[in-house]
Enquirer: 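I have a structure here, written as structure tokens, and I will follow up with some questions on it.
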Amino acid sequence: MTAPTTPAPATAPVQTDDTPGSTATGQAPGTVLHGPVIAWFEQHARDLPWRRPEAGPWGVMVSEFMLQQTPVNRVLPVYEQWLTRWPRPADLAKEPPGEAVRAWGRLGYPRRALRLHGAAVAITERHGGDVPTDHAQLLALPGIGEYTAAAVASFAYGQRHPVLDTNVRRVLARAVTGVQYPPNATTAAERRLARELLPDDERTASRWAAASMELGALICTAKNENCHRCPIATQCAWRLAGKPEHDGPPRRGQTYAGTDRQVRGRLLAVLREAVGPVPQSVLDRVWDDPVQRARALDGLVSDGLVEPLPGRLYRLPLT
DNA sequence: GACACGTGGGA
DNA sequence: TTCCCAAGTGT
């Protein structure tokens with residue numbers, strides 16, 4: 001395991017004259033959070049494969065793609081299969097994109113598989129087969145946005161970046177801002193806060209990123225938060241305020257049943273299991289409405305997830 | 001900024 | 001059973 005670096009004890013006095021929601025003016029609002037959270041992380045962090053040294057930058061990157069909107073437990077087995085089969089970006093880049101989609105299995109959002117394959121190709125062609133270390137170069141890769149670029153740079157290379165995922169956003173919303181949930185979409189205020197809270201030291205910053213994320217994943221969860229096990233419960237603005245109920249606009253709920261997404265999922269499931277090209281007549285059985293069915297299939301084709309062949313045949317893309 | 005985009009487990 | 005949600009990105 002990694003050596004438990006003793007975090008510098010936060011001896012700074014408690015914030016005084018700031019209203020719970022106001023952190024704009026403070027010098028280092030929440031510096032006092034780093035120590036306890038990192039110490040808690042050293043003690044309670046899960047032993048996940050992509051956190052082991054042998055995972056390397058490619059392992060970190062693969063895990064970040066898979067973890068986008070997908071729970072850890074479901075990612076675990078697929079991650080192991082991928083890294084065994086494609087231990088380096090160049091190994092994946094050699095494969096047809098459809099193989100990535102097939103190996104993605106039931107993780108969901110299969111476009112991520114396509115983009116990860118595209119990223120592997122780009123890394124092989126433009127970066128000599130090594131996951132780039134530069135944030136801007138990471139951001140330029142398909143499927144990598146602000147979060148993933150920061151996460152890879154921080155977790156794989158120990159760099160100092162604000163890593164603002166849904167877990168960290170929730171932790172900051174509660175501990176610092178004093179509200180139950182962050183806004184639906186990430187705001188400039190949240191980015192500013194995350195940057196202000198970033199420890200100066202690179203090593204501590206990357207540790208803080210992982211630790212605050214883990215706290216949100218294990219303790220400060222969306223439902224049933226476990227304040228009694230939280231290392232910063234005594235400083236949490238939301239808890240100190242009496243844990244007021246979320247008021248703002250309703251939290252976005254995603255519908256699924258009956259949508260094109262569900263149809264796409266069924267179509268792709270058939271194609272993943274198939275060895276060779278699949279006749280349209282077989283695909284037709286997955287959904288009754290022919291209009292929606294055709295629209296979904298067209299969408300998959302235009303997304304590059306499905307390749308149409310002459311004679312009303314379909315398969316996962318070879319190119 | 002709002003939407004589309006998969007899937008399955010837990011409460 | 002229904003609802004909520006899980007390390008986001010691209011358009």
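In what follows, every chain begins at residue 1, and chains take the letters A, B, ... in the order their sequences are listed. Only heavy atoms go into these numbers, but all of them, side chains included; no hydrogens, no water, no symmetry mates.
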Enquirer: Would you kindly give the CG-to-P distance between Leu114(A) and dA4(B), to the nearest whole Å?
Expert: 21 Å
Enquirer: Among Ile, Leu, Val, Met, Phe, Trp and Tyr joined by side-chain contacts under 4.5 Å, find the other residues sharing a cluster with Val275(A) and list them by chain and number.
Expert: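 None; Val275(A) is a cluster of one.
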Enquirer: What integer distance in Å separates Asn73(A):CG from dC5(C):C1'?
Expert: 14 Å
Enquirer: Looking only at side-chain atoms of Tyr181(A), point me to the closest of dC5(C), dC5(B), dA7(C).
Expert: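 Of the candidates, dC5(C) comes closest.
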Enquirer: Evaluate the side-chain proximity of Arg160(A) to Ser154(A): yes if any heavy-atom separation is below 4.5 Å, no if none is.
Expert: no
Enquirer: Expressed as a whole number of angstroms, how long is the span from Phe65(A):CZ to dA7(C):P?
Expert: 18 Å
Enquirer: Considering only atom P, compute the distance from dG6(B) to dC3(C) and round it to an integer number of Å.
Expert: 22 Å
Enquirer: With a non-hydrogen cut-off below 4.0 angstrom, is Arg295(A) in contact with a base, only sugar-phosphate, or nothing?
Expert: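 Result for Arg295(A) = nothing.
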Enquirer: Using heavy atoms to find the nearest nucleotide of DNA chain B for Tyr109(A) and Thr186(A) separately, return the residue whose nucleotide is more 5′.
Expert: Thr186(A)
Enquirer: Considering only dT9(C), dC5(C), dA7(C), which nucleotide approaches the side chain of Gln68(A) most closely?
Expert: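 Nearest nucleotide to the side chain: dT9(C).
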Enquirer: Report yes or no: do Gln292(A) and Trp287(A) form a side-chain donor-acceptor pair below 3.5 Å?
Expert: yes
Enquirer: Cut-off 3.5 Å, no hydrogens considered: what does the side-chain donor-acceptor table look like for residues 308-319 of chain A, sequence neighbours left out?
Expert:
residue   : atom : partner   : partner atom : Å
Arg312(A) : NH1  : Gln280(A) : OE1          : 2.9
Arg315(A) : NH2  : Glu307(A) : OE2          : 3.2

Enquirer: Using a heavy-atom cut-off of under 4.0 Å over every strand shown, decide if Ala151(A) touches base, sugar-phosphate, or nothing.
Expert: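 Answer is nothing: Ala151(A) stays at 4.0 Å or more from every strand.
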Enquirer: Contact class for Trp50(A) (heavy atom, under 4.0 Å): base, sugar-phosphate, or nothing?
Expert: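 Result for Trp50(A) = base.
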Enquirer: Tell me what Ser63(A) touches on the nucleic acid: a base, only sugar-phosphate, or nothing, going by heavy atoms under 4.0 Å.
Expert: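 Counting heavy atoms under 4.0 Å across all strands, no contact is made by Ser63(A).
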Enquirer: Take atom CZ of Arg195(A) as the centre, draw a 6.0 Å sphere, and report whether it contains more than 12 heavy atoms from other residues, nucleotides or ligands.
Expert: no
Enquirer: Are any of Arg111(A)'s side-chain N or O atoms less than 4.0 Å away from OP1 or OP2 of dT11(C)?
Expert: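 No, Arg111(A) has no side-chain N/O under 4.0 Å of OP1/OP2 on dT11(C).
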Enquirer: Taking only the side-chain nitrogens and oxygens of Thr148(A), find out if one of them lies under 4.0 Å from OP1 or OP2 of dA7(C).
Expert: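 The answer is no; no side-chain N or O of Thr148(A) sits under 4.0 Å from OP1 or OP2.
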Enquirer: Roughly how far apart, to the nearest Å, are dG1(B) and dG8(C) at atom C1'?
Expert: 16 Å
Enquirer: Find out whether Leu76(A) and Trp50(A) are in side-chain contact, i.e. whether some heavy atom of one side chain is under 4.5 Å from a heavy atom of the other.
Expert: yes
Enquirer: Counting only side-chain heavy atoms from C-beta out, which of dA7(C), dT9(C), dG6(B) sits nearest to Glu64(A)?
Expert: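 That would be dA7(C).
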Enquirer: Closest to the Arg106(A) side chain: dG10(C), dG8(B), dA7(C)?
Expert: dG8(B)
Enquirer: Which residue pairs satisfy the ring-ring contact (aromatic ring centres under 6.0 Å, His included) criterion with at least one member in residues 168-190 of chain A, sequence neighbours excluded?
Expert: Tyr181(A)-His246(A)
Enquirer: Separation of Leu267(A) atom CG from dC5(B) atom P, in whole Å?
Expert: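 So the CG-P distance, Leu267(A) to dC5(B), works out to 12 Å.
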Enquirer: Among all residues two or more places apart in sequence or in another chain, which pass the ring-ring contact (aromatic ring centres under 6.0 Å, His included) test with His117(A)?
Expert: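 Testing His117(A) for ring-ring contact (aromatic ring centres under 6.0 Å, His included), a comparison that skips the adjacent residues, returns none.
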Enquirer: Which sits closer to the 5' end of DNA chain B, Leu107(A) or Asn224(A), going by the nucleotide each is nearest to?
Expert: Leu107(A)
Enquirer: Atom OG1 of Thr70(A) and atom CZ of Arg106(A): how far apart are they, to the nearest 0.5 Å?
Expert: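 It is 13.5 Å, given to the nearest 0.5 Å.
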Enquirer: Ion pair present between Arg88(A) and Asp91(A), side-chain N to carboxylate O less than 4.0 angstrom?
Expert: yes
Enquirer: Pick the nucleotide of DNA chain C nearest each of Ala217(A) and Gly143(A); which residue has the one closer to the 5' end?
Expert: Ala217(A)
Enquirer: Rounding to an integer number of Å, can you tell me how far Arg169(A) CZ sits from dC5(C) P?
Expert: 13 Å
Enquirer: Looking at residues 152-168 of chain A, who's got a heavy atom less than 4.0 Å off DNA chain C?
Expert: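 Within residues 152-168 of chain A, the residues near DNA chain C are Asp165(A), Thr166(A), Asn167(A).
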Enquirer: Using whole Å, what does the distance between atom C1' of nucleotide dG8(C) and atom CG of Asn184(A) come to?
Expert: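 These atoms are roughly 14 Å apart.
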Enquirer: Within the 4.0 Å heavy-atom criterion, would you say Gly145(A) contacts the bases, only the backbone, or no part of the nucleic acid?
Expert: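 Answer is sugar-phosphate: Gly145(A) comes under 4.0 Å of backbone atoms only.
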Enquirer: Could you check how far CG of Leu139(A) sits from C1' of dG8(C), rounded to whole Å?
Expert: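 Atom-to-atom, Leu139(A) to dG8(C), this comes out as 13 Å.
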Enquirer: Within the modelled atom types, does a donor on one side and an acceptor on the other bring the side chain of Arg112(A) and the base of dT9(C) under 3.5 Å apart?
Expert: no
Enquirer: Check every strand shown and say whether Leu305(A) touches a base, only sugar-phosphate, or nothing at a heavy-atom separation below 4.0 Å.
Expert: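 Result for Leu305(A) = nothing.
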Enquirer: Whole angstroms only, please: what is the CD-P distance between Gln69(A) and dG8(B)?
Expert: 16 Å
Enquirer: How far, in whole Å, is dA7(C) from dC5(B) if one measures between their P atoms?
Expert: 23 Å
Enquirer: Going by number, which of residues 258-265 of chain A have a non-hydrogen atom under 4.0 Å from DNA chain B?
Expert: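 Result for residues 258-265 of chain A: Asp260(A), Arg261(A), Arg264(A), Gly265(A), sorted by number.
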Enquirer: Is a salt bridge present between Arg85(A) and Glu99(A), judged by a nitrogen-to-oxygen distance below 4.0 Å?
Expert: yes
